[in-house]
Amino acid sequence: TTLSTTQVAALGPAQIAALNTAAVAALTNDQIAALSTSQIQAMETRDTAVLHATQVAAMGTTQIAALTTEQTSILYASGALPLEKLSTTALSVLSTTSIAALGGDQIVSLSTAQVAALGTAQVEALSTAAVAALTVDQIAVLSTRQVVAMETRDLVAMSPQQVEAMNTAQIAAMTTM
């Protein structure tokens, strides 16, 4: 027996937590989209792990923002949650290993708010290719602490346009390295 979208939306958080992984994996995109933030947060780790990319894509911004840190990490690691959909809070807790694995195409997909939310250890973990791929808008929002966290080889790899986008505080931070 399959529940309708309205019936799934009416389930309480405890009932959502009681669903088995097969039931969660079988939820339709419409059913996922109808879940409240408390229902999303009530999903067990094992249930979050079986969500497909299409199900995650059906989630709204509020639902994505409501994901717990553990849920976010699981979904990102599985490839079901694209980087650009991560909240600034979720992005700020990604491991430096995850950040180091980002390619230039992934870096340019980040919003300026996401770039600004990166911790200094995360900025330090960026590959030289990832730093070279940052847009001028992304460069402009880097804090002085983030600039100081960059490796010398990363700064050397910056294009003239990227350097031109830096403000005086960022440039001054570079000279203190």
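Given the structure is predicted, the values throughout are model-derived calculations rather than measurements. Basis for what follows: all heavy atoms, side chains included, without hydrogens, waters or symmetry-related copies.
- Side-chain atoms of I32 and L35, non-hydrogen and from C-beta on, do get closer than 4.5 Å to each other.
- For the atom pair CG (L118) and OG1 (T96), the distance works out to 12.0 Å, reported to the nearest 0.5 Å.
- V123 and V156 end up in different hydrophobic clusters when Ile, Leu, Val, Met, Phe, Trp and Tyr side chains are linked at under 4.5 Å.
- No donor-acceptor pair under 3.5 Å is formed between the side chain of Q41 and the backbone N or O of S38.
- Within the 3.5 Å criterion, the main-chain N or O of I40 finds no donor-acceptor partner in the side chain of Q63.
- For the atom pair CE of M174 and OG1 of T144, the computed distance is 12.5 Å after rounding to the nearest 0.5 Å.
- Considering only heavy atoms from C-beta on, L86 comes within 4.5 Å of L83 through its side chain.
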Can you check side chain to side chain contact (heavy atoms under 4.5 Å, CB included) on D154 and L126, steps first, answer last? CA-CA 9 Å; D154 298 333; L126 288 172; 5.5 Å; no

Criterion side chain to side chain contact (heavy atoms under 4.5 Å, CB included) on T120 and V148, from CA distance to verdict: CA-CA 8 Å; T120 54; V148 170; over 6 Å; no

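- Hydrophobic clustering, with ILVMFWY side chains joined whenever heavy atoms are under 4.5 angstrom apart, keeps V136 apart from V115.
- The structure places CD of Q138 at 11.0 Å from CD of Q146, a figure rounded to the nearest 0.5 Å.
- In terms of heavy-atom proximity, A9 sits nearest to A34 at CB-O, 3.7 Å.
- Of the possible donor and acceptor atoms, one in the side chain of Q31 sits under 3.5 Å from a partner among the backbone N and O of L3.
- Checked by atom type and distance alone, the side chain of Q122 pairs as donor or acceptor with a backbone atom of L94 at under 3.5 Å.
- In this structure, the side chains of V56 and I64 come closer than 4.5 Å at one or more pairs of heavy atoms.
- Linking Ile, Leu, Val, Met, Phe, Trp and Tyr residues whenever their side-chain heavy atoms come within less than 4.5 Å places V163 and I107 in a single cluster.
- The minimum heavy-atom distance between A100 and S127, with the atom names listed, is O-CB, 4.5 Å.
- Here CG of L142 is found 10.5 Å from OG1 of T112. Values are rounded to the nearest 0.5 Å.
- No side-chain donor-acceptor contact under 3.5 Å links E151 to the backbone of T128.
- No more than 12 heavy atoms of other residues, nucleotides or ligands sit less than 6.0 Å from atom CD of E164.
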What pairs of donor and acceptor atoms, side-chain ones from residues 10-25 against any protein atom, are under 3.5 angstrom apart with sequence neighbours left out?
residue : atom : partner : partner atom : Å
Q15     : OE1  : G12     : N            : 2.6
N20     : OD1  : A22     : N            : 3.1
N20     : OD1  : A23     : N            : 2.8

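- Between E84 and L110 there is no side-chain heavy-atom pair separated by less than 4.5 Å.
- With rounding to the nearest 0.5 Å, the separation of OG in S111 from CG in D137 is 11.0 Å.
- Within the 4.5 Å cutoff, side-chain heavy atoms of L67 are placed close to those of L75.
- Listed for the Q162 side chain is no donor-acceptor partner under 3.5 Å among the backbone atoms of I139.
- Evaluation of the salt bridge (charged side-chain N to carboxylate O under 4.0 Å, His left out) test over residues 42-64, restricted to residues two or more places apart or in two chains, returns E44-R46.
- A heavy-atom distance below 4.5 Å is found between the side chains of M166 and M158.
- Scanning for side chain to side chain contact (heavy atoms under 4.5 Å, CB included) contacts around T45 gives E70, I74, with sequence neighbours left out.
- Residues A58 and A33 come closest through the heavy atom pair O-CB, 3.5 Å.
- Nearest approach of A133 to V108, heavy atoms of both residues: O-CG1, 3.0 Å.
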